[in-house]
J.: 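Below are the structure tokens for one structure; questions will follow.
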2 protein chains.
Amino acid sequence: MKYSIGEFSLITQLSIKSLRLYHEKGLLVPAHVDDTSGYRFYDEANFDTARSIKSLRRYDFSLTEIGELLEGCDDEADMIVQLERKLGDIASKIDRYQDISRSIASIIEYEKESVMDNEREFEIEEKELNTVLIAGHRMRGRYQDVGEGLGLVCKTMGRHISGKPMTLYFDCDYKEDDADFEPCVPVRKGKESEGISVRELKGGRCVSLIHKGSYDTLRSSYKRIFGYINEKGFKTVLPTREIYRKGPGMIFKGNPKNYLTEIQVLIEE
Amino acid sequence: MKYSIGEFSLITQLSIKSLRLYHEKGLLVPAHVDDTSGYRFYDEANFDTARSIKSLRRYDFSLTEIGELLEGCDDEADMIVQLERKLGDIASKIDRYQDISRSIASIIEYEKESVMDNEREFEIEEKELNTVLIAGHRMRGRYQDVGEGLGLVCKTMGRHISGKPMTLYFDCDYKEDDADFEPCVPVRKGKESEGISVRELKGGRCVSLIHKGSYDTLRSSYKRIFGYINEKGFKTVLPTREIYRKGPGMIFKGNPKNYLTEIQVLIEE
DNA sequence: TATAGAGTCTCCCCTTGGGGGAGAGTCAAT
DNA sequence: ATTGACTCTCCCCCAAGGGGAGACTCTATA
């Protein structure tokens, strides 16, 4: 019994285009090709091959791989090896996509959270801070270098990170070029490594203000918060903290007008 | 500060080819293009865009999607929607790959198992069968139609299947065209549906022989097993069972010489 | 037997995200 | 002025087909 390509396509559920491609690649050669018309005709034996190809395609084998399998299909042990290799491929794809999935989920969480805060106006408040475990990288230089240090710390600690990134400032006054600071992140656990210090950061009573907008305008908020502290007669404790509640985002830099930075100054009780 | 495409490529870790492509697609337009030489020059602002593109590519966004995101990046809420859509995409990909992974694993198991039996020679033996839950599709016709019925049952029961497919034969003698049989599979659980009967198949003492080779030669094994039964003076109980321990395989038809079919004839105790 | 309509053929272009290379122009240093 | 390093555009390539054009071929009906 002979089947034209159209009939064969209907039966096997493979498109005519695909059948012609498989013919060209030598995967599924029609039983007979008419010399004068060039028409392809398929027979019963072709059904088995068609079924094999369909299965393998469903399992994400490439046409090249299918070709190799169809050639050497006599030794079944070899086929098992191929299947196991494929299983490994698939597993690593799953791993990769799961990584991506986790990353995207955490980005969404980050963005959502900060969008919520976005409409509020913020006032100075006093509050109690808990002691937290942090990993930090102490350095000297200009304020712009904070980003770099933060990147280093985040990359090193990876998924142990348990909170927003922050910077500790150890100077009592503003220094342009030789500031002493420590970009850090809260972590669940972690071990010391080159340049990275892991330790507890003591909590306590503090004065806090959330600054909205570009980092260039941070100093106006510092002025406000220290004005408040002086007015109340508090004595401050170093280091001062900056918590980056919403910064440049993990994908887009975003609009600096929407950046949110919390300034925390600990006070003696 | 201006960077040539080579420098920019080194810094951003994007290939020159990619950079030119992104320029062409309008995703990452150099800050300046020299009129006469056509040389591309990038500036600081381009770094942010480059970083965004790299992140999004890592998260499996297509260039088209990235383009749309870069256009409408002012409304962040919209970006969250896009990210969530992507998250859904990724999740469905993971699902799909996990399905494939499971399928391949079961194929491997099937093939391995049967390869092990492959070298053995088989003799008639008597053994005890347990009662099992089966799903079957009773039908009349030719023996060749067994395959179809089995396909139906397997597709319907899907992952509830818990053993090798088999056929029950209800005729006491060989009928060419109007045999009465029931392709079925053991299942863990399952509900009746159109044409499918789910029930317990009673066990008992039986005479069993594993037939090696094409189904066309099955009758010689039947002759042997019934010869044995007559010799021993056993009385048989219908239906007779054929268990397809290794058949045409899920991908390749395989070599019929290696097919293994167990014939089980229950006897009165 | 002519013709219409359906089926099939080959050939070409398109998709994604670039890689590889040819041939020509440009830049900076010697 | 020349040389070597960069860069430009343009073309072809990958996988697995999809879409369509223009030309044949087959079959059924008038």
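Quick caveat, the model's predicted, so the values are computed rather than measured.
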J.: Is R20(A) touching bases, backbone alone, or none of the nucleic acid, heavy atoms closer than 4.0 Å?
T.: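 Counting heavy atoms under 4.0 Å across all strands, the contact made by R20(A) includes a base.
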
J.: Atom CD1 of I5(B) to atom C1' of dG18(C): distance rounded to whole Å?
T.: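 Answer to the nearest Å: 13 Å.
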
J.: Taking N and O atoms by type only, does the side chain of Y39(B) place a donor or acceptor under 3.5 Å from a partner on the base of dC6(D)?
T.: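 Pair found.
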
J.: Could you check how far CZ of F61(B) sits from P of dG18(C), rounded to whole Å?
T.: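 F61(B) atom CZ is separated from dG18(C) atom P by 15 Å.
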
J.: Quiz question: by atom type and distance under 3.5 Å, do the side chains of E24(A) and Y22(A) form a donor-acceptor pair?
T.: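 Checked: E24(A)/Y22(A) side chains show no N/O donor-acceptor pair below 3.5 Å.
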
J.: CG of L28(B) versus C1' of dG18(C): gap in Å, rounded?
T.: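 My rounded result for the distance is 15 Å.
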
J.: Please determine whether a side-chain nitrogen or oxygen atom of S15(B) lies at a distance below 4.0 Å from atom OP1 or OP2 of dG19(C).
T.: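 Yes, within the criterion.
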
J.: Using atom NE2 of H23(A) as one end and atom P of dC9(C) as the other, report the distance to the nearest whole Å.
T.: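 So the NE2-P distance, H23(A) to dC9(C), works out to 10 Å.
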
J.: Any donor-acceptor pair under 3.5 Å between the side chain of Y22(A) and the base of dG17(D)?
T.: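 Checked by distance alone, the answer is no.
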
J.: Would you say the base of dG17(C) and the side-chain of K17(B) have a donor-acceptor pair closer than 3.5 Å?
T.: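 Flag unset: no donor-acceptor pair detected.
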
J.: Is there a donor and acceptor pair closer than 3.5 Å between the side chain of K25(B) and the base of dG18(C)?
T.: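 Answer is no: no donor-acceptor pair is held.
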
J.: Starting at CD1 of I16(A) and ending at P of dG7(C), how long is that distance when rounded to a whole Å?
T.: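 One finds 9 Å between P of dG7(C) and CD1 of I16(A), rounded.
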
J.: Taking the side chain of R40(A) as its heavy atoms from C-beta onward, which of dG18(C), dC9(C), dC26(D) lies nearest to it?
T.: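 Side chain of R40(A) sits closest to dC9(C).
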
J.: For F8(A) and dT8(C), give me the distance from atom CZ to atom P, rounded to whole Å.
T.: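 After rounding, the reported distance stands at 13 Å.
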
J.: Output the rounded distance in Å from NZ (K2(A)) to P (dT8(C)).
T.: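 In whole Å, dT8(C) P lies 15 Å from K2(A) NZ.
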
J.: What is the separation between atom CZ on R57(A) and atom C1' on dA15(D), rounded to the nearest whole Å?
T.: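 After rounding, the gap between these two atoms is 8 Å.
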
J.: Assess, by modelled atom type and distance only, whether the side chains of E44(A) and Y3(A) contain a donor and an acceptor separated by less than 3.5 Å.
T.: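 Yes, side-chain donor-acceptor contact under 3.5 Å.
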
J.: Give a yes/no answer on whether the side chain of S4(B) brings an N or O atom under 4.0 Å of OP1 or OP2 in dT7(D).
T.: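 It does, given that an N or O in the side chain of S4(B) lies less than 4.0 Å from OP1 or OP2 of dT7(D).
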
J.: Please compare T36(A) and L21(A) by the position of their nearest nucleotide in DNA chain D and report the one closer to 5'.
T.: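 Final value for this comparison: L21(A).
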
J.: Taking the six-membered ring for Trp, are the ring centroids of Y42(A) and F47(A) within less than 6.0 Å of each other?
T.: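 For Y42(A) and F47(A), the ring centres are not under 6.0 Å apart.
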
J.: Under 3.5 Å, is there a donor on one side chain and an acceptor on the other for T36(B) and D34(B)?
T.: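 Checked: T36(B)/D34(B) side chains pair up, N/O donor to acceptor below 3.5 Å.
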
J.: If you measure from NZ on K86(B) to CD1 on I108(A), what distance do you get to the nearest 0.5 Å?
T.: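 The distance works out to 12.0 Å.
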
